[in-house]
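For this chain, numbers begin at 1 and follow the sequence in order.
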Amino acid sequence: MKILCAKYVITSATEEPKKDHALVVEGSQIKALGPVSDIKDKFPQAEIIDFGESIVFPGLVNAHTHAPMTIFRGLADDLPLMTWLENYIFPVEKHLRAYWVYWGTKLAIAEMLRSGVTLFADMYLFEKEVIRAVEETGVRATLGEGLFDFPSPSYGPLEKGLALTEELLKEFANHPRIKIMVCPHATYTCSPDTLKRAAAIADRYGALIHIHLSETREEVSLIKARYGQNPPAHLDSLGLLHERLLVAHAVQLTDEEIELLAQKKVKVAHCPESNLKLGSGIAPVPALLEAGVCVGIGTDGPASNNDLDLLGEMRTAALIQKGLTFDPTRLPAQKVFEMATSLGAKALGWDILGALKEGYQADLCVVSLDKENLVPCYEPFSLLVYSARAGDVTDVMVAGEFVMRRGEILTFDVREAKEQVKKISQEVRDILAQRN
Ligand SMILES: [Zn+2]
């Protein structure tokens with residue numbers, strides 16, 4: 001049993017931060033919470049860890065990424081989504097190898113830990129390698145193999161991708177830190193038949209479905225031309241709009257579509273920096289939240305962002321809505337923090353995460369208030385959203401175990417991951433050179 005003490009403890013995005021408080025962690029769970037002196041009296045045998053002048057807060061949730069794409073970071077920038085995908089990403093992904101995915105994910109996890117991410121949603125290829133990295137590094141994830149109509153470099157024909165998804169759903173049904181979701185990539189890469197088959201598997205296992213939706217204007221016109229409906233109505237007609245659907249982006253939505261997503265209890269992963277970088281637009285986040293939609297925050301893959309810094313992503317999410325509407329009261333820090341914690345956890349299918357309360361999982365982070373950019377501290381939510389940045393996180397705990405302590409990642413060799421990804425980047429360069 002451990003007692004964690006700090007100057008400020010943020011228990012939840014909907015409560016005032018607690019001053020000079022302590023958390024009791026037993027096993028993977030939070031057992032108690034209270035003022036430091038009360039807790040020390042009540043649990044005299046427990047080991048005391050005093051973080052001092054720090055903020056302890058619930059681990060952040062990256063609600064949409066493609067973690068292994070660290071290997072393609074900066075490969076092709078300043079291009080429209082379809083050109084970027086079709087001329088650069090899809091051609092190199094044809095040569096994707098399992099070990100690229102494994103090392104790319106390990107590097108991604110290190111980067112995410114430094115900005116306080118303890119749970120992430122991942123959709124990519126060779127997802128078994130992502131799972132291996134998640135298991136070894138001690139973090140938490142909801143993930144699935146990306147499904148397309150065209151053959152995949154990892155599983156080959158679609159049939160095998162569906163079978164693999166089902167195999168993973170069975171194998172990880174009761175894993176403490178891993179949940180499997182069904183991941184048809186998008187409405188423009190998956191036929192109605194593929195979407196229906198993916199949905200049938202998700203229904204059978206009560207699993208989440210994760211898909212890219214209404215990301216760009218081009219996507220909306222393409223789907224409208226192909227099927228006579230916008231992407232949300234198209235998914236609705238196939239029976240996919242429901243509370244187990246997590247859509248990434250949701251940028252190009254009409255007011256009616258916002259209402260439809262709210263009515264069907266669809267979850268949204270908002271990816272502001274990727275949407276800005278690819279020139280896709282700005283998602284109507286305040287309207288979605290007002291309609292009652294559960295909206296989390298995602299970085300998207302590090303090839304379209306180009307980092308996995310969720311602290312920065314929170315700041316961007318807050319700032320762009322203010323600039324867009326000439327209204328500085330839009331999307332305040334505390335709301336953005338809720339999106340990055342409890343709403344994100346709910347969107348990813350975890351109900352005892354995203355807050356530090358008795359009975360919840362002990363997934364938490366510590367930011368030291370000793371950093372120049374974090375002095376003084378009038379308001380912890382504001383400090384975390386507007387002033388903190390990746391690298392300010394000193395300690396991370398997942399399921400009651402320290403994954404990072406005093407700035408050092410404990411569960412794996414980060415230097416090795418960096419070296420391996422550098423080597424892989426040379427292989428990627430060679431493949432692109434042969435193409436040209
Ligand atoms: Zn994505």
Side-chain angles (χ1 to χ4, degrees), residues 8-18 55-64 115-121 246-251 253 255 258-259 261-262 265-276 281-300 309-348 350-351 353-357 360 363-365 367 374 377-389 392-393:
Y8 297 97
V9 176
I10 293 180
T11 51
S12 128
T14 52
E15 285 168 22
E16 281 304 301
K18 312 268 190 302
I55 307 174
V56 172
F57 57 100
L60 303 181
V61 180
N62 187 350
H64 175 71
S115 73
V117 173
T118 53
L119 165 64
F120 66 99
L246 169 62
V247 303
H249 303 301
V251 177
L253 295 178
D255 291 347
I258 292 171
E259 272 312 311
L261 295 188
K265 299 189 165 58
V266 171
K267 316 292 192 290
V268 170
H270 171 46
C271 304
E273 292 187 5
S274 172
N275 298 153
L276 289 173
I282 293 176
V285 173
L288 283 163
L289 290 168
E290 275 159 31
V293 178
C294 174
V295 186
I297 299 180
T299 56
D300 207 355
D309 172 7
L310 209 80
L311 291 163
E313 205 74 35
M314 286 200 288
R315 179 156 54 250
T316 303
L319 296 183
I320 55 175
Q321 297 298 335
K322 300 168 200 301
L324 183 69
T325 56
F326 304 98
D327 179 0
T329 67
R330 281 279 164 137
L331 215 54
Q334 202 164 336
K335 194 71 198 174
V336 170
F337 191 81
E338 187 182 353
M339 292 167 69
T341 52
S342 54
L343 294 181
K346 190 176 161 201
L348 271 58
W350 298 85
D351 52 5
L353 280 181
L356 303 177
K357 294 179 177 176
Y360 273 54
D363 287 22
L364 52 90
C365 302
V367 154
L374 301 178
C377 178
Y378 291 112
E379 212 296 299
F381 287 118
S382 150
L383 203 70
L384 289 175
V385 172
Y386 294 123
S387 309
R389 47 188 181 233
D392 290 343
V393 174

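- Considering only residues two or more places apart in sequence or on other chains, Asp363 meets the salt bridge (charged side-chain N to carboxylate O under 4.0 Å, His left out) condition with Arg140.
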**Prompt:** Do Leu289 and Leu331 pass the side-chain contact (heavy atoms from CB on, under 4.5 Å) test, and can you show the C-alpha distance, the side-chain angles, and the key distance before you say yes or no?
**Reply:** CA-CA 9 Å; Leu289 290 168; Leu331 215 54; 3.5 Å; yes
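- Annotation: the span from Leu364 atom CG to Ile10 atom CD1 amounts to 12.0 Å, rounded to 0.5 Å.
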**Request:** Could you go through the side-chain contact (heavy atoms from CB on, under 4.5 Å) check for Tyr386 and Leu319 one step at a time?
**Result:** CA-CA 9 Å; Tyr386 294 123; Leu319 296 183; 4.0 Å; yes
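- Closest of all the heavy-atom pairs between Tyr8 and Cys377 is OH-O, 3.6 Å.
- Nearest approach of Gln334 to Ala13, heavy atoms of both residues: NE2-O, 2.8 Å.
- Partners of Ser115 according to the side chain to side chain donor-acceptor pair (under 3.5 Å) rule, which considers only residues two or more places apart in sequence or in another chain, do not exist here.
- Here Thr14 pairs with Ser12 under the side chain to side chain donor-acceptor pair (under 3.5 Å) rule; sequence neighbours left out.
- To the nearest 0.5 Å, atoms CG (Leu383) and OH (Tyr378) are separated by 11.5 Å.
- To the nearest 0.5 angstrom, Leu374 atom CG is 8.0 Å from Leu384 atom CG.
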**Request:** Apply side-chain contact (heavy atoms from CB on, under 4.5 Å) to the pair Thr118 and Leu353, showing each step before the final yes or no.
**Result:** CA-CA 10 Å; Thr118 53; Leu353 280 181; over 6 Å; no
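- Taking the side chain as every heavy atom from C-beta outward, Ile55 and Pro17 never approach each other to under 4.5 Å.
- Taking CG of Leu253 as the start and CD of Glu259 as the end, the distance is 11.5 Å to the nearest 0.5 Å.
- Distance check: Ile297 CD1 to Leu60 CG gives 9.0 Å after rounding to the nearest 0.5 Å.
- The minimum heavy-atom distance linking Ala63 with Ala121 is given by the pair O-CB, 3.3 Å.
- Summarising the geometry, atom OG1 belonging to Thr316 is positioned 10.0 Å from atom CG belonging to Leu310; distances are rounded to the nearest 0.5 Å.
- The ring-ring contact (aromatic ring centres under 6.0 Å, His included) analysis of residues 321-342, with sequence neighbours excluded, yields the pairs Phe337-Phe381.
- Asp392 meets the salt bridge (charged side-chain N to carboxylate O under 4.0 Å, His left out) test with Lys371; sequence neighbours excluded.
- Between Ala262 and Ala291 the shortest heavy-atom distance is CB-O, 3.3 Å.
- Partners of Lys346 by salt bridge (charged side-chain N to carboxylate O under 4.0 Å, His left out), not counting sequence neighbours: none found.
- Residues meeting the side chain to side chain contact (heavy atoms under 4.5 Å, CB included) test with Thr11, sequence neighbours left out: Val9, Glu15, Lys18, Leu33.
- The salt bridge (charged side-chain N to carboxylate O under 4.0 Å, His left out) test applied to Glu273 returns no partner, not counting sequence neighbours.
- The minimum heavy-atom distance linking Tyr360 with Ala355 is given by the pair CD2-O, 3.3 Å.
- Contact between Cys365 and Gly59 at its shortest, heavy atoms only, is SG-CA, 3.8 Å.
- Residues passing the ring pair (Phe, Tyr, Trp, His ring centres under 6.0 Å) test with His249 are His64, His212, sequence neighbours excluded.
- Listed by first and then second residue, the salt bridge (charged side-chain N to carboxylate O under 4.0 Å, His left out) pairs involving residues 310-328 are Asp327-Arg330 (not counting sequence neighbours).
- Not counting sequence neighbours, the partners of Glu338 by the side chain to side chain donor-acceptor pair (under 3.5 Å) test are Lys335.
- When atom types are taken as modelled, the side chain of Asn62 and the backbone of Thr299 share a donor-acceptor pair closer than 3.5 angstrom.
- Under the rule for a side chain to side chain contact (heavy atoms under 4.5 Å, CB included), the partners of Ile282 that lie at least two apart in sequence or sit in another chain are Leu276, Ile320, Gln321, Leu324.
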